[in-house]
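First the structure, in the form of structure tokens, and then the observations on it.
Please read these numbers as outputs of a predicted model, since none were measured by experiment.
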Amino acid sequence: MKKIYCLLLTTIVLLTSCSSNISDDRKIEKLKDTSIEIEPDSTSYSLSLYDISKDLHFEDIPRTVPYDTIKNKRFADLIMKDSIVVLHSFKPYYLPIDKITWTENPEKNNTWQNYYEALFFVSILNHAYHDFRKIEYHEKAKKYTLNYIEKHPSLDKKTSEYTWYDHAVAFRTLHILQTIANELEQKDPDTNFIKNAFDHISLNVSFMTKPENYRAHNHSLMMDRSLLYLAKITNANPTFYEYIYYPTATRTIENIDKVIDPTGLAREHSTTYHIFNHNLNKGILSLIEEEDINPAFKLKILRKNDVLLQLVKPDLTFPLWGDSQTEILNTRQANDFGNDQRVLDVLGGKRLPSMVNFENNIATLRTQQDDSSYVALFANYYSRTHKHNDDLSFIFQTLGVDILTDQGYYGYEKEYRPFLMSVFAHNTIAINNKDYWAGKKEQYSKLTGYSKSDDVEIVSGEHGMYDSITVKRKLYYIKPNVIILQDWAESEYPNLIKIISQQFNFGEQATEAQVSENSVIITFPKNITATVKSFTENDKITLEESYRSRIQYSKVPIYQVKVQKASNKLITVIEVQSPAYKSPVSNISIQEGKIKYEKDGEKNFIGL
């Protein structure tokens with residue numbers, strides 16, 4: 001009896017195996033019999049779906065954003081109930097699929113509209129299916145994709161200004177390829193769906209390959225990434241591969257070379273975008289053949305690590321410079337930057353020296369003592385890309401506390417962003433209580449000088465962002481706890497300069513503020529105080545309520561101190577006091593053109 005049972009079991013296994021093989025063979029034959037027609041710019045290319053299926057794998061498709069598996073499932077389950085999650089930072093929006101017109105924008109927000117037309121929520125479903133293998137996720141993703149394709153049959157048909165927009169098109173291409181990859185995993189792939197999906201990808205290719213839709217910007221690099229990946233999965237057709245690969249590889253390297261300055265800094269005026277560009281560039285360059293990348297270009301890319309080290313604060317966070325959110329140096333990020341030993345050493349607690357670079361016009365001043373103090377001054381201007389009116393602005397961290405901070409950007413909207421971008425939201429200088437507008441040819445911003453001794457570092461800079469006015473700043477950092485600012489404005493037309501003012505934005509940990517005639521004292525936890533004191537006559541010093549945004553679409557209140565004078569010159573002292581300092585500076589005064597102070601029981605002075 002036992003022998004008969006074993007024989008039956010063996011027969012069942014063999015039959016099941018044979019049935020599976022037959023099914024696999026039928027699937028292969030079906031894919032081999034299916035041709036995909038791609039027709040960008042009126043030229044038709046016939047591609048074998050079987051050849052595509054051998055190279056198109058979900059895990060290899062470039063990710064558009066990082067994913068948390070459990071959080072992503074929660075969002076996917078909301079989408080299954082018709083609550084569309086356009087982006088994690090927006091609340092879900094209930095919209096049954098049969099009601100979609102693709103003109104919706106309940107948030108009245110450009111970012112929302114862009115990610116909506118990029119089919120970001122389809123990508124959420126695609127990842128949920130890939131992680132949990134519930135076919136319902138995939139079927140819903142197909143329905144949304146087909147709905148979008150149906151309502152956008154040509155480049156002439158758009159439902160918003162983001163239908164045919166570089167960022168949305170680049171992301172949408174990858175999200176549709178994700179859906180195709182998941183469909184190709186099915187036992188009997190829906191080849192009609194795949195053909196329809198590639199028909200729309202043809203339109204995307206047409207858009208992405210047109211020179212008029214391309215500029216030196218990371219959105220264009222996103223398009224290049226999508227095109228290069230498409231070239232990779234269609235390499236079995238040499239004609240189509242060459243049509244996409246070679247022009248894209250050439251313009252990609254030229255673009256990255258323009259976006260990255262000689263020091264390795266991304267010309268995006270943003271720490272977040274420096275990190276984003278690094279990861280984007282790394283992914284793109286992995287799709288380009290080694291021999292197509294010259295050694296000098298590779299060296300320039302490696303210098304991005306130098307900038308990471310230049311910017312990182314002692315607490316391993318980064319300044320909210322320009323359009324930035326909170327970024328933290330951790331093991332994942334170190335891995336992204338190639339596990340550079342210098343970066344790993346910083347993670348291990350190594351203190352960095354001061355770094356002042358007259359090419360990228362960023363100065364970071366540091367102490368080597370336990371107070372771990374850090375000052376960063378920004379004076380660069382490449383373009384309007386992600387730039388704020390923060391020329392000559394600085395931040396200050398000491399004793400692990402952000403004393404003076406940058407403000408973030410909230411989001412790409414019209415309620416809070418304009419203020420957060422303005423000169424009035426940064427630790428810099430305003431002239432005549434007016435903002436300036438970046439984008440004119442004669443404008444510039446730069447560092448102009450630097451000197452260093454054991455106790456003092458002095459960095460100076462200037463900018464010409466105001467019409468016919470040069471604004472100058474000299475920052476004296478007397479370690480570890482005092483910053484003195486000598487600010488002034490010059491012009492061939494002296495009557496242009498009526499009022500000069502400074503803004504100082506204090507970290508959100510501040511708990512109390514007291515105002516006197518010529519000073520303001522800000523109290524922080526750990527028995528830390530920061531005093532702003534004016535040292536020129538007839539100054540007006542006031543305490544204002546302001547806000548900052550470390551996380552997109554979230555803001556917190558902060559204290560802002562403003563110093564103002566009907567003149568062209570201001571001298572201000574910022575002194576931090578704490579019992580935690582081992583050798584603090586004290587008794588600061590400015591007399592007879594000299595900065596006088598005491599440290600370690602000795603009297604010192606610096607000439608202004």
Determine the interplanar angle of the [X] and [Y] rings, folded into 0 to 90°, and report it as parallel if under 30°, tilted if 30 to 60°, perpendicular if over 60°.
| X | Y | answer |
| --- | --- | --- |
| His388 | His426 | perpendicular |
| His152 | His200 | perpendicular |
| Tyr241 | Tyr245 | parallel |
| Tyr162 | Tyr165 | perpendicular |
| Trp321 | Phe378 | parallel |
| Tyr273 | His386 | parallel |

>> For a salt bridge (Lys or Arg N to Asp or Glu O under 4.0 Å) check, start with the C-alpha distance between Asp82 and Lys140, then their side-chain angles and the critical distance, and finish with the verdict.
In response: CA-CA 10 Å; Asp82 295 332; Lys140 188 87 166 184; 2.7 Å; yes
Counting only heavy atoms not in [X] (residues, nucleotides, ligands), do more than 12 fall under 6.0 Å from its [atom1]?
| X | atom1 | value |
| --- | --- | --- |
| Lys73 | NZ | yes |
| Lys30 | NZ | yes |
| Lys54 | NZ | yes |
| Glu59 | CD | yes |
| Lys71 | NZ | no |

Which residues satisfy the ring pair (Phe, Tyr, Trp, His ring centres under 6.0 Å) test with [X], sequence neighbours excluded?
| X | result |
| --- | --- |
| Tyr229 | none |
| Phe198 | none |
| Tyr214 | none |

What are the two closest non-hydrogen atoms of [X] and [Y], and how far apart are they?
| X | Y | answer |
| --- | --- | --- |
| Thr252 | Thr248 | OG1-O, 2.6 Å |
| Thr271 | Pro319 | OG1-O, 2.6 Å |
| Asn72 | Ala128 | ND2-N, 3.5 Å |
| Arg384 | Ala438 | CD-O, 2.9 Å |
| Pro40 | Val205 | CB-CG1, 3.8 Å |
| Trp112 | Glu104 | CZ3-O, 3.1 Å |

> Would Val169 and Trp164 satisfy side chain to side chain contact (heavy atoms under 4.5 Å, CB included), going step by step from the backbone distance to the final call?
Replying inline: CA-CA 6 Å; Val169 171; Trp164 302 112; 3.8 Å; yes
Look at [X] together with [Y] and state whether they make a salt bridge at an N to O cut-off of under 4.0 Å.
| X | Y | result |
| --- | --- | --- |
| Lys81 | Asp77 | no |
| Asp336 | Arg332 | yes |
| Lys232 | Asp55 | no |

> Can the ring centres of Tyr547 and Phe419 be said to be less than 6.0 Å apart?
Replying inline: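 Judged by ring-centre distance (under 6.0 Å), Tyr547 and Phe419 do meet the cut-off.
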> Below 6.0 angstrom between ring centroids: does that apply to Phe121 and Tyr144?
Replying inline: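 Close enough - the centres of the two rings lie under 6.0 Å apart.
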> Among Asn389, Thr385, Asp391, whose side-chain hydrogen bond (donor to acceptor under 3.5 Å, both in side chains) with Lys387 holds?
Replying inline: Asp391
> From Ser393 OG over to Asn505 CG, what is the distance, rounded to the nearest 0.5 angstrom?
Replying inline: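 Here the rounded value is 7.5 Å.
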> Would Lys143 and Asn147 count as having a side-chain donor-acceptor pair, cut-off 3.5 Å?
Replying inline: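 Per modelled atom types, Lys143 and Asn147 side chains form no pair under 3.5 Å.
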> Can you tell me if Glu39 and Ser202 form a side-chain donor-acceptor pair at under 3.5 Å?
Replying inline: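 Distance-only check fails for Glu39 and Ser202.
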>> Determine whether Glu415 and Lys108 satisfy the following criterion, salt bridge (Lys or Arg N to Asp or Glu O under 4.0 Å), listing intermediate values before the conclusion.
In response: CA-CA 11 Å; Glu415 186 173 2; Lys108 295 180 173 55; over 6 Å; no
>> Which residue in the set Lys298, Lys300, Arg251 passes salt bridge (Lys or Arg N to Asp or Glu O under 4.0 Å) when paired with Asp257?
In response: Lys300
>> Run the ring pair (Phe, Tyr, Trp, His ring centres under 6.0 Å) test on Tyr45 and Tyr243 for me, step by step, so that the C-alpha distance in whole Å, both residues' side-chain angles and the decisive distance to 0.1 Å come before the verdict.
In response: CA-CA 10 Å; Tyr45 300 89; Tyr243 167 76; 5.5 Å; yes
> Should the pair Arg133 and Tyr129 be classed as cation-pi, given the thresholds of under 6.0 Å to the six-membered ring centre and 45° from the axis?
Replying inline: yes
